[in-house]
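Chain A is the first sequence line, chain B the second, and so forth, proteins listed ahead of strands; every chain is numbered from 1.
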Amino acid sequence: MDLQNLTDYERRRLENIRRNNEMVASLKLHSKAAALSEEAKRRRVESKSNKVSPKKKPKTQSPIVIRRSLRTRGLPPDFSSGNGHKNEFVESMMKGPKSPSTPEGSKSPSLPEGPLSIRDRVFLDKILGFSKESQLRSSDKCSADDEVDEKKPLDCLIKRESGGGVEGSVDLGSMTLNAENIARIMPGRIMNLRFFPCIDSTMIVAGDKSGHIGFWDVDCEKERDGVFLYQPHKDPVSGILIQEFSQSKIFTSCYGGSIQLMDAEKEVFDKIYSSERAILSLSQRPNYVNCLYFGEGNGGLNLWDMRAGKEPSSSWPLHEYRINTIDFNINNPNIMATSSSDTTACIWDLRKIDSDKPKTLKTVSHSRAVHSAYFSPSGSSLATTSVENKVGLLGGVNFEDLSMIYHENHTCRWISSFRAIWGWDDSYLFIGNMKRGVDIISTARRKTVMTLQSEHMSAIPCRFSAHPYKVGMLAGATAGGQIYMWKSC
DNA sequence: CGGCCCATTATTAAT
DNA sequence: ATTAATCCATGGGCCG
């Protein structure tokens with residue numbers, strides 16, 4: 001752009017952009033200086049081309065949200081009083097500005113960013129309660145000398161009842177959305193959400209575009225008493241993993257390249273891995289509690305055995321572009337499915353993946369990016385979702401039967417891509433639509449057979465989670481930080 | 001073709 | 001009620 005020909009308006013705009021970048025740098029938001037200036041450069045370019053005027057400071061500057069009365073009334077958070085039951089989430093924001101500022105461009109190799117401590121006793125006790133419950137359950141199920149995989153003898157195996165969680169046909173007609181099962185739990189666009197695998201309570205954790213991790217204890221009578229918000233990340237949250245048999249531990253990953261571990265026993269969020277490249281998906285092989293699988297950069301898949309070292313133990317170039325989801329087959333944890341923006345979804349055998357050119361067991365080709373590939377609860381089918389307006393269904397003894405089901409999957413820029421998820425058995429898939437509904441696809445009839453709608457849904461639900469134990473309990477999340485929880489009654 | 005620019009869209013906070 | 005701000009997704013068009 002020709003600097004001479006700028007209008008005053010544009011000049012001011014550029015000045016603002018510069019200031020913002022400086023501020024971001026001084027906040028030491030998380031990345032290395034080099035990455036930052038790269039980012040800054042890119043943003044400048046972007047802003048120029050995009051005719052946008054970032055007059056305002058980034059959103060993270062203003063105390064956000066809903067939950068506790070302090071914030072609701074727009075008052076500044078108060079950390080001095082000893083009242084334990086109060087808004088905490090701003091703690092994460094307070095960390096930044098207090099640390100010494102780094103001028104843009106200077107070298108600051110590894111920032112001594114401490115863990116983000118969690119002080120909300122109410123929240124901690126809740127999580128620790130779930131954890132205790134889950135440990136009791138797991139001690140029933142766990143047997144020490146189970147069959148062990150030949151390749152990873154290090155891993156502890158926890159026995160599960162075959163088929164995983166629940167088997168059950170859902171009564172679609174009974175699924176309802178009540179006004180009290182709606183909450184806005186975070187400010188940004190929700191990218192990811194998950195039910196705690198908990199029988200006695202209903203707890204949802206979600207991650208949004210600006211790095212927040214929010215918790216909603218649905219059973220609380222008042223919304224503000226059940227919502228807890230933190231901001232351990234500074235970038236979009238790409239994955240959330242609750243440790244099923246130790247629910248006080250939750251892994252989260254983000255586009256900025258970090259993986260954090262929330263540990264309610266240690267009362268912290270702590271960064272445990274950091275990469276130059278974006279982390280775009282995160283998963284865990286069933287029963288292998290010490291291994292993380294995550295998609296990094298353009299098509300890379302990493303396996304990290306956390307006991308073996310600080311870095312991933314293996315890394316394979318499985319795709320050409322980003323890996324959007326990673327999923328494992330409940331019947332055979334050696335079988336893994338990935339979906340990628342390179343327009344394919346692939347099934348892999350982990351025992352045969354150790355080579356420079358890993359070979360797929362099966363490839364589902366779409367004509368556009370594939371945003372999800374999930375195995376069905378029984379493990380015998382795979383459902384893929386692509387922005388080419390199709391949901392792929394792969395079945396048969398060796399996944400040789402492929403059928404494509406038409407579904408409008410195109411979302412606009414502000415709505416996260418749709419991903420068809422499985423319900424509680426192999427009969428239905430649940431996926432959002434642009435008309436503020438939840439389409440239910442019957443796998444037997446290979447078409448949408450019903451749409452959940454409600455006047456209470458004021459926005460498009462785009463990401464979903466089905467409760468692992470409660471048939472009919474389905475949570476949908478929106479671009480505005482809302483969650484709708486349907487349940488069967 | 002690959003790499004760039006551009007338009008598109010939904011939701012919410014602010015006016 | 002209307003408007004402004006959002007800005008890490010994607011396809012199409014247009015250049016070299």
Side-chain angles (χ1 to χ4, degrees), chain A residues 1 9 13 16-17 20-21 24 29-31 35-36 38-66 71-72 74 182 184-192 207-211 233-239 253-258 275-281 295-298 320-324 339-343 366-372 385-389 408-419 432-437 457-463 476-484:
Chain A
M1 187 191 278
Y9 172 72
R13 189 153 55 84
N16 274 322
I17 293 166
N20 281 338
N21 284 330
V24 166
L29 279 186
H30 72 114
S31 35
L36 245 176
E38 269 284 313
E39 171 79 3
K41 218 181 293 171
R42 214 179 40 97
R43 254 190 223 167
R44 237 175 314 234
V45 171
E46 261 179 18
S47 308
K48 260 196 281 185
S49 64
N50 269 352
K51 302 243 182 238
V52 176
S53 65
K55 278 196 178 92
K56 289 191 51 168
K57 294 177 183 177
K59 206 167 197 175
T60 48
Q61 283 296 289
S62 56
I64 320 166
V65 192
I66 314 135
R71 251 175 307 155
T72 318
I182 296 172
R184 174 164 286 121
I185 70 163
M186 44 183 32
R189 174 170 123 208
I190 294 178
M191 319 272 295
N192 229 293
D208 78 1
K209 204 212 57 186
S210 43
H233 295 283
K234 303 296 181 206
D235 298 282
V237 176
S238 52
S253 63
C254 82
Y255 282 32
S258 72
S275 162
E276 297 281 329
R277 285 168 300 187
I279 294 174
L280 300 147
S281 43
E296 183 175 316
N298 267 343
E320 234 171 291
Y321 299 114
R322 49 186 281 178
I323 295 174
N324 294 307
S339 68
S340 166
S341 293
D342 70 4
T343 75
H366 286 270
S367 66
R368 300 272 182 263
V370 189
H371 274 276
S372 66
T385 307
S386 163
V387 295
E388 72 159 323
N389 288 341
E408 295 270 342
N409 292 331
H410 193 255
T411 57
C412 71
R413 180 182 185 175
W414 315 110
I415 307 295
S416 296
S417 56
F418 293 135
R419 296 174 170 177
N433 69 37
M434 290 297 276
K435 289 177 227 145
R436 298 177 181 170
M457 283 206 292
S458 56
I460 296 167
C462 47
R463 293 287 160 92
T478 74
Q482 259 183 318
I483 292 182
Y484 307 118

A.B. asks: Between B:dA13 and C:dA9, how many Å separate the two C1' atoms, rounded to a whole number?
C.D. replies: 24 Å
A.B. asks: Quick check on side chain to side chain donor-acceptor pair (under 3.5 Å): which of A:H233, A:K234, A:R277, A:R322 does A:Y255 satisfy it with?
C.D. replies: A:R322
A.B. asks: Is the phosphate of C:dA9 approached by A:Y255 (side-chain N or O, under 4.0 Å from OP1 or OP2)?
C.D. replies: yes
A.B. asks: Does a side-chain N or O from A:R368 land closer than 4.0 Å to OP1 or OP2 of C:dA9, or not?
C.D. replies: no
A.B. asks: Reading DNA chain C 5' to 3', what string of ( ), [ ], | and . shows its pairs, if Watson-Crick and G-U wobble pairs count only when both distances fall under 3.5 Å?
C.D. replies: ||||||..||||||||
A.B. asks: Between A:I182 and A:Q482, is a side-chain contact (heavy atoms from CB on, under 4.5 Å) present by the stated rule, with each step listed?
C.D. replies: CA-CA 7 Å; A:I182 296 172; A:Q482 259 183 318; 3.8 Å; yes
A.B. asks: Looking only at side-chain N and O atoms, does A:S372 offer a donor or acceptor that is under 3.5 Å from a partner on A:T385?
C.D. replies: yes
A.B. asks: Would you check if there is a donor-acceptor pair between the side chains of A:R368 and A:S341 at a distance under 3.5 Å?
C.D. replies: no
A.B. asks: Just how far, in rounded Å, is P of C:dC8 from CZ of A:R322?
C.D. replies: 11 Å
A.B. asks: For A:W414 and B:dT11, are the ring centres under 5.5 Å apart with planes inclined under 30°?
C.D. replies: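 Stacking is absent between B:dT11 and A:W414, given that the ring centres and planes do not meet under 5.5 Å and under 30°.
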A.B. asks: If I take atom CZ in residue A:R463 and atom P in nucleotide B:dA10, what distance separates them, rounded to the nearest angstrom?
C.D. replies: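 That distance rounds to 17 Å.
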A.B. asks: At less than 4.0 Å, is any side-chain N or O atom of A:R184 found next to OP1 or OP2 of B:dT11? Yes or no.
C.D. replies: no
